[in-house]
Amino acid sequence: MSSKIKITTNAFAITRVPTREYFMYDVFNPTVDQRNKKIQLVHHLQNVVAPQIFNPRLVYDGQAIAYSPGQLNLGGNSGATFTVNLGRTTQAEPGSRGAYQIRLNLTSSAPIVPSDVSDLTHKRSSTTRALVATNLIQLVIRQGPNQNNTNNGRAYFTGRDARRIPGSGIELWRGIFQSVRPTIGKMILTVDTCSAAVYQSGPLIRVCMDFLGASDTRALRLSPDHQNFKKLEKFVKKLRIKIVTGAGGSRSRIKTIRGLVPEAGEYVFTKDDSDRETSVKRYFQEAYGIRIELPQIVGVRLTGSKAAHQDIVPAELCEVEYGQLFKRKVPENITADMVKFSTIRPQERLKKITEGAEGYDKSEFVKESGMKVDTRPLTINATILRTPTVQYGGQDVTPQNGAWNVLGKKLQDPQSLESWVVVNFCPAEIGREQCEHMMRDLMQSCSNLGMAVNPYHAIVPGNGHDVFGTLDGVMQNVAKAVNGNRNVLAKTVLIIILPANAAPIRNSVKHWGDIRSGITTQCLRQSKLVRANNQYWNNIALKLNARLGGRNSKGSSPIMRQLETEPFMIMGADVGHPGPGVQKPSVTSLVYSHDRHATQPAKFVATAVDNFGLKNQASPRRVIFFRDGVSEGEFEAVSSQEIAAIQAAFKDVWERRGVKGPTRSLRSLCHHAVFFPTSANEGDRTGNCHAGSVIDSEITHPAISDFYLQSHSAIQGTSRSSHYIVLKDENFNSDLSKIQDLAYTLCHVYAKATRSVSIPAPVYYADLVCSRGVFHIDPNERLDFDDSASTVSGGSTFDLSSWQTAFQKVNPGMAKNMYFL
């Protein structure tokens, strides 16, 4: 049975919304794209150039909107244009060097009234004025800490809680996330900890050497065709630097790196005021009396690569500005450091959250607005759901603290590992004898779980420079060994042993297996193999059985037993977006169950219901759809557009087969709601709330049906909850408890784990499919699917057609298998 509890959350009550009325202004600047530069200019305008006009000051969103607590005195006009130069204390001449025009226009004579949020909080109506008022309150909250610290808009980072990662040129900073949300009867402020990668600051030479892992400046003597030159240029491009040419920093300028040049001190150019050629080192000696000590190392280019006159500066004169966010994907070699840094014990996290909330009463913008925030975290009601049982072959297991053991258990539908080969891409690190010992451990684990296992055909060394050739050769030898038996060949599994940091090899292996050949591949990392234990090999066995078409287990709960009275289907969908400015397409995925227990998903949506019917000789009578990858600002569009599209897509199938409409549950992507036990005695062994804690009141949305579910027990750090929003329900008669029970049960059927996970398995599978977008592109194509690729400016044209042409569908032999585990 479920039980009622009290828990503490990271939400803080806004006891009084702003009492001031605000006026909205369009902020127009045609020449500035970068958000940080816009914020700098508006800040300089208000505080230095025209403080008498902007008193009290605007709150600015960093893009195109600003709010003023009272109409601005613009000489009787509704708009005005200001010319701002960051180096001047008064207005600059229009068109002068370094000058930017800022145009302010009043959007309406009617003020924005913050108390209009009551349409949402008290009347449960999502009106336009309530949404505008919510956005205003959000901006007022964020303005103070954001303007004084490094930030990404939603979170700020002081730099006081940081860790330098040697050999990366990067530091990890802990920050504070902040978000205003409407709930029933009040507005709340959500505060959470977060982490970001930040460029190291200080001398550019030191940062570059750290990035390359070098201790001698000779490592920076690079030619343009050298691998490290290209690697370093990608790392520093768009980095803001201070160029110091005066004693004690008395003369300096802030610029952005556009590229690198080799032997910068020896670079020869023609001076603007004469036809005389000179070198960069001679120029700085003559113009500033500065002797360039390292003329043969790389320097920075401050102009575009095609500019007629290049602006080149030696690296030794450059300092990296403090607090610049690293906006690309964190490099693979520091991912573990990032995870470790971001992992915080529950009570320590709550302490940092509470400290983060204490500063809002000091914000001049909050004070000016009249808003009040209670700095005590809310204590709210919650329910611990009944834990579902996990059924194996002839045995039921009841999870304890979100985990269970498969020791002595048999899989529900064990498959045979009858034809397999081991391909070792790091034979120097893992020798043949050691490899044989490891494979015996794998065979034993598979056998213990009920799988029939034949001896492997061979252990073959792999060539990382010719992955396709290696694997093609392996399959040719297998074909000879099985006398060309196609059924056996189709079931062949290649166990791939990979060295550390072997992403290119893995990409080629998965493209070869998933796309080209339709052969199952299971990759094992050298770093994990050296400390592999029985649990590790059991997890590998679970993956293999699922990939071979077997069913490991199934979840059992009241809602599952109800659904199983007639055929049903569960779908999971996700959308993976590239990082900011990265030139690659978004990836969408959909998986659906095609057995009667909703444990075996398969890719593709158009024929999902028909495929279910073909396999089960019966149509699904119910469809339940989980959608992930949605930010809170996209709820309305997803609700109105996607549901209509899904209904249209399945309309004829429903009419032909009599299928009931879907219950569509949307899992919010980034909600930052965190829950803590009210005392140590109320928590689990790690100090977290117990798995199965569900919250469906007090901090939920006033106008939609939603709930929070913490479905797993963290091994370390703070457990993560998921936010579920029910957009449409034609299956459960709006009984939220049944949807909660279903979501919790589905968190126990993730095929490659013996723990409950933080999101329902179908959503997890869809996320895995999205993350494999790179495998659908031939590695030989000149397209980079990595988020760490260089970013581009907003003006560049993205060519989607080249990606569509290069994209290859999954091999038909893999389409209905769980190849993505």
Side-chain angles (χ1 to χ4, degrees), residues 164-171 197-246 249 251-271 277-322 324 326-328 331 333-334 784 788-793:
R164 178 170 291 189
I165 307 300
S168 68
I170 287 173
E171 296 176 341
V198 179
Y199 285 97
Q200 292 178 15
S201 58
L204 178 62
I205 288 179
R206 189 195 69 201
V207 175
C208 290
M209 289 173 61
D210 185 84
F211 173 72
L212 294 175
S215 57
D216 192 316
T217 55
R218 284 177 293 185
L220 299 179
R221 296 181 180 181
L222 299 169
S223 61
D225 58 350
H226 194 285
Q227 180 181 359
N228 279 354
F229 182 94
K230 298 174 183 176
K231 178 180 172 184
L232 183 60
E233 184 174 54
K234 185 166 78 170
F235 177 72
V236 302
K237 204 167 186 179
K238 295 192 175 183
L239 201 54
R240 291 194 320 278
I241 54 172
K242 179 163 69 172
I243 301 165
V244 181
T245 53
R251 187 187 300 111
S252 65
R253 54 181 175 145
I254 306 297
K255 290 292 181 178
T256 300
I257 296 176
R258 300 290 188 90
L260 295 180
V261 293
E263 297 183 284
E266 308 293 351
Y267 184 88
V268 175
F269 67 100
T270 302
K271 294 182 70 173
E277 287 190 340
T278 188
S279 66
V280 167
K281 68 178 181 181
R282 179 182 297 173
Y283 169 78
F284 278 95
Q285 178 70 56
E286 294 175 351
Y288 303 106
I290 297 174
R291 184 172 184 269
I292 302 303
E293 303 289 344
L294 300 168
Q296 295 181 322
I297 69 170
V298 295
V300 301
R301 174 168 49 80
L302 305 179
T303 44
S305 59
K306 297 181 180 180
H309 299 283
Q310 297 289 351
D311 190 353
I312 308 299
V313 178
E316 62 195 86
L317 302 181
C318 304
E319 294 181 2
V320 178
E321 285 280 273
Y322 180 79
Q324 296 182 69
F326 183 81
K327 296 180 180 180
R328 297 192 291 274
N333 63 317
I334 70 167
D784 194 346
S788 63
S790 295
T791 57
V792 295
S793 66

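We use all heavy atoms of the structure for the numbers below, so side chains are in, but hydrogens, waters and symmetry mates are not.
Annotation: salt bridge (Lys or Arg N to Asp or Glu O under 4.0 Å) contacts of E266 (sequence neighbours excluded): K281. Listed by chain and number, the residues in a salt bridge (Lys or Arg N to Asp or Glu O under 4.0 Å) with R206 amount to none (sequence neighbours excluded). Evaluation of the salt bridge (Lys or Arg N to Asp or Glu O under 4.0 Å) rule for D225 yields no partner, not counting sequence neighbours. Evaluation of the side-chain contact (heavy atoms from CB on, under 4.5 Å) rule for R282 yields R276, T278, S279, E286 as partners, not counting sequence neighbours. Listed by chain and number, the residues in a side-chain contact (heavy atoms from CB on, under 4.5 Å) with K231 are F211, N228 (sequence neighbours excluded). Residues satisfying the ring pair (Phe, Tyr, Trp, His ring centres under 6.0 Å) criterion with F284, sequence neighbours excluded, are Y288. Qualifying ring pair (Phe, Tyr, Trp, His ring centres under 6.0 Å) partners for F229, counting only residues two or more places apart in sequence or in other chains: none. In terms of the salt bridge (Lys or Arg N to Asp or Glu O under 4.0 Å) criterion, R221 has no residue partners (sequence neighbours excluded). Q324 is linked by a side chain to side chain donor-acceptor pair (under 3.5 Å) to nothing, counting only residues two or more places apart in sequence or in another chain.
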Return all side-chain donor-acceptor pairs below 3.5 angstrom for residues 255-265, not counting sequence neighbours, or 'none' if the list is empty.
none

Taking distance alone, no hydrogens or angles, what donor-acceptor pairs closer than 3.5 Å link side-chain atoms of residues 292-302 to residues at least two apart or in another chain?
| unit_1 | atom_1 | unit_2 | atom_2 | d |
| --- | --- | --- | --- | --- |
| E293 | OE1 | R291 | NH1 | 2.9 |
| E293 | OE2 | R291 | NH1 | 3.3 |
| R301 | NH1 | T303 | O | 2.7 |

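Atom-to-atom distance recorded for L317:CG and S252:OG is 12.0 Å, nearest 0.5 angstrom. To the nearest 0.5 angstrom, Q310 atom CD is 12.5 Å from T270 atom OG1. Taking NE2 of H226 as the start and CG of L232 as the end, the distance is 11.0 Å to the nearest 0.5 Å. We find the CD-SG distance between Q200 and C208 to be 10.5 Å, quoted to the nearest 0.5 Å. Between the NZ atom in K234 and the CZ atom in R328 there is a gap of 7.0 Å [rounded to 0.5 Å].
Between I241 and V320, the shortest heavy-atom contact is CG2-CA, 4.3 Å.
Applying the salt bridge (charged side-chain N to carboxylate O under 4.0 Å, His left out) test to every pair with at least one member in residues 308-319, sequence neighbours left out, gives these pairs: R253-D311.
Considering only heavy atoms from C-beta on, I170 comes within 4.5 Å of F235 through its side chain. Here the side chains of L220 and L212 are in contact, with some heavy-atom distance below 4.5 Å.
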